[in-house]
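The structure appears right after this line, and notes come after that.
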Number of protein chains: 2
Amino acid sequence: MSSTPKYKSSSSLTTSSNRQDYLKAILSLDLKGAKASTSAISAKLNTQPASVTGMFGVLSNLNLINYIPYKGAKLTDEGRSQAISLVRKHRLWETFMVEKLGFRWDEVHEVAEQLEHVNSEQLIDRLDDFLGFPNFDPHGDPIPDSLGNIADRRSLVVVSDLEVGKMASIRGVLSSSDSFLKHLDDLGIRLGLEFEVVKVYTYDGSIQVDSAGESMIWSRKLVEQLLAEVN
Amino acid sequence: MSSTPKYKSSSSLTTSSNRQDYLKAILSLDLKGAKASTSAISAKLNTQPASVTGMFGVLSNLNLINYIPYKGAKLTDEGRSQAISLVRKHRLWETFMVEKLGFRWDEVHEVAEQLEHVNSEQLIDRLDDFLGFPNFDPHGDPIPDSLGNIADRRSLVVVSDLEVGKMASIRGVLSSSDSFLKHLDDLGIRLGLEFEVVKVYTYDGSIQVDSAGESMIWSRKLVEQLLAEVN
DNA sequence: TAAAAAGATTAGGCATGACTAAATTTATTG
DNA sequence: CAATAAATTTAGTCATGCCTAATCTTTTTA
C-alpha cells in the first residue's frame with residue numbers, strides 16, 4: 001500500500017513569494033547560529049507558530065528544508081541556494097535605489113522586500129552589471145554574486161579602526177538613523193567616497209581625512225558608525 | 001432585515017495584484033472601444049469566464065467597477081485611476097530595462113508585468129525622474145504622468161510619413177520582431193536617436209537621413225515600422 | 001524526578017481565486 | 001417568432017496560507 005503524504009506538495013517550478021520568505025527567514029537565523037524553530041520564524045514573519053508548522057511541512061516536501069518535528073528546520077542545498085538568491089536580489093535593489101534613485105539608506109528596505117520577488121535571473125544579472133558588480137550594499141552587507149558566493153564582510157572595517165596613511169572607500173554604515181544619514185549628507189559623505197586617513201586625534205578620537213583634494217575632520221561618533229573597504 | 005451581500009468585499013487598503021490585473025484588462029478593452037465581457041477578460045487573463053464573473057462581483061463591491069450581470073463591466077473613476085497607474089508603472093519599467101539595462105524591446109514585457117505590481121509611488125516617481133520623464137515607452141506607447149495624464153500617441157508619426165527637412169527623434173517601433181530589432185541594432189538606430197530627413201526617394205520609398213553628422217539611407221520596409229516624434 | 005511551564009503540532013475554519021458542470025439569459029437564425 | 005446557439009452566471013470544489021483552540025512534547029524547576 002502506498003503511504004499517503006502527510007502534507008500536500010505543490011508541483012510548481014517556481015517557489016512562491018510566500019515560501020521564499022520562509023526560506024529567507026530560515027537562512028537569516030542560520031547565519032546567526034540560531035535554530036529555525038517555529039516560534040522564531042513566526043516572530044520574524046509576523047505569523048503564528050501553527051502556520052509555520054504547516055509551511056515547514058510544505059517546504060520539506062519540496063525538498064527545500066529538512067524538517068524534524070519539534071526539532072526545527074534546516075535548509076537543503078537547494079533551499080539555501082534559493083534563499084541566497086533572494087538576498088542577492090534584495091541587496092542589489094537596495095543598492096540601485098540608493099545609488100541611482102537617490103533614496104536614503106533607511107528608506108529602501110520595504111520596497112526591496114517586494115522587488116526581490118521579481119522572477120528573472122537575467123534582470124538581476126543585468127542590474128548587477130549596471131551597478132558595476134558591487135560587493136556590498138548600502139548597509140555594508142555583502143552582496144552574493146550570481147553563483148551564490150558571498151564576500152566576507154570582515155573585509156570591511158570601521159573607519160575608527162583605520163591607521164594613518166590608509167586609503168579606503170566608504171562602503172556602508174552601522175547605524176541607519178535619520179539624523180545620522182542626514183549628517184552624512186551634510187558632510188558630503190556618500191557610498192564609494194575615497195579618502196585617506198591623515199591624522200588620528202587621540203584626544204577625542206576624531207580623525208582628519210583627505211578626500212578629493214579636500215581635508216576634513218570626522219568626529220569619533222561619526223567614524224564609529226562608518227564602514228570602509230581598504231584600497 | 002439587512003440584505004446579505006451577494007459577494008464578499010475585502011476591506012484592504014491596497015488592491016491585490018490579482019485584482020489589478022483585472023482592472024488593467026478592462027482598461028485595455030475600454031481603450032479599444034470593446035466591451036469588457038467575461039469572455040473577453042477571461043481570454044486576456046487566461047482564466048475561465050466563471051472566474052471573471054466572480055471577480056467582477058468583488059471589484060464591484062470595492063467600487064472599482066460598475067458591473068451589471070450579462071452586460072459587462074465599466075471602470076469607475078477610482079478603478080480607472082488604478083489601472084492607469086499600473087500602465088504607467090509597466091511602461092516606465094520597460095523603458096528602464098531597455099534604456100538602462102540593455103534589453104531588447106521584445107524581451108521586457110513579461111518582467112514588467114511583475115515589476116508593475118511593486119507598490120511604491122515614490123519608487124516609480126523617482127524612476128520616472130531617473131529616466132528623464134519619458135513620454136513614450138520603447139514600443140511607442142504613451143507613458144501616463146504621475147497625475148494619470150496620457151500624452152497623445154498621435155503626436156508620434158511613422159517615419160515614412162515625414163517630409164524632407166523635418167528633424168525628429170526615434171520614439172518606438174510598430175513591429176517587435178527579433179529580426180527587425182536586430183537590424184535596427186546593426187544600423188545603430190536606437191531610441192532617442194535624432195535625425196533629419198534629407199531626401200525621399202519616391203522610386204522605392206527609401207529615405208536619406210542625416211544623424212550626428214552621418215548620412216544614411218533607410219529602406220521603405222524599415223521606415224514604415226519606425227515611430228518618431230517631430231522636434 | 002515529578003509537576004509546571006514553554007514550545008510545537010494537530011484539528012477545524014476562513015478568505016482568496018481558480019476550476020468544472022449545470023442552469024440561465026441573451027443573441028441569432030431559419 | 002420560436003428554436004437553437006452562444007454567452008454568462010450559479011453551484012459546488014480545490015489549493016494556498018493564514019488563524020484559533022486544543023492537544024501533545026520537551027524543557028525547566030522545585
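Pairing each heavy atom of Ile26(B) with each of Phe56(B), the nearest pair is CD1-CE1, 3.9 Å.
For Thr53(A), no side-chain nitrogen or oxygen approaches OP1 or OP2 of dA8(C) to under 4.0 Å. Between Tyr70(B) and dT10(D) there is no side-chain N or O to OP1 or OP2 distance below 4.0 Å. Distances shorter than 4.0 Å separate some side-chain N or O of Asn18(B) from OP1 or OP2 on dA18(C). Between Thr47(A) and dG17(D), a side-chain N or O to OP1/OP2 separation shorter than 4.0 Å is absent.
Closest contact between the side chain of Met55(B) and the listed nucleotides dT20(C), dG17(C), dT10(C) involves dG17(C). Side-chain atoms of Arg19(A) lie closest to dT16(D) of the nucleotides dT16(D), dT9(C), dG17(C).
A ring pair (Phe, Tyr, Trp, His ring centres under 6.0 Å) check over residues 72-92 of chain B, counting only residues at least two apart or in different chains, returns the pairs His90(B)-His109(B).
When heavy atoms are screened at a 4.0 angstrom cut-off, Asn46(B) is found touching the sugar-phosphate backbone but no base atom.
For the pair Asn61(A) CG and dG17(D) P, the computed distance is 13 Å after rounding to whole Å. Per the geometry, CD belonging to Gln48(B) stands 15 Å off C1' belonging to dA22(C), to the nearest Å. Rounding to whole angstrom units, CZ of residue Phe56(B) and P of dG17(C) are separated by 14 Å. Spacing between atom CD1 of Ile41(B) and atom C1' of dG17(C) amounts to 16 Å, rounded to whole angstrom units. The nearest whole Å value for the distance from the CD1 atom in Ile68(A) to the P atom in dT9(C) is 11 Å.
Checking Tyr22(A) against Lys71(A), the closest nucleotide of DNA chain D that is more toward the 5' end is the one next to Tyr22(A).
The aromatic rings of Phe96(A) and Phe96(B) sit tilted, their planes meeting at an angle between 30° and 60°.
Taking 4.0 Å as the cut-off between side-chain N and carboxylate O, Lys24(B) and Glu116(B) count as a salt-bridged pair. Salt bridge annotation for Asp30(A)-Arg80(A): present, with a cationic side-chain nitrogen under 4.0 angstrom from a carboxylate oxygen.
Both tests hold for Lys100(A) against Phe130(A): distance to the six-membered ring centre under 6.0 Å, angle to the ring axis within 45°.
When only modelled atom types and interatomic distance are considered, Ser169(A) and Glu229(A) share no side-chain donor-acceptor pair under 3.5 Å.
Near-neighbour residues of DNA chain C inside residues 28-40 of chain B, defined by a heavy atom below 4.0 Å, are absent.
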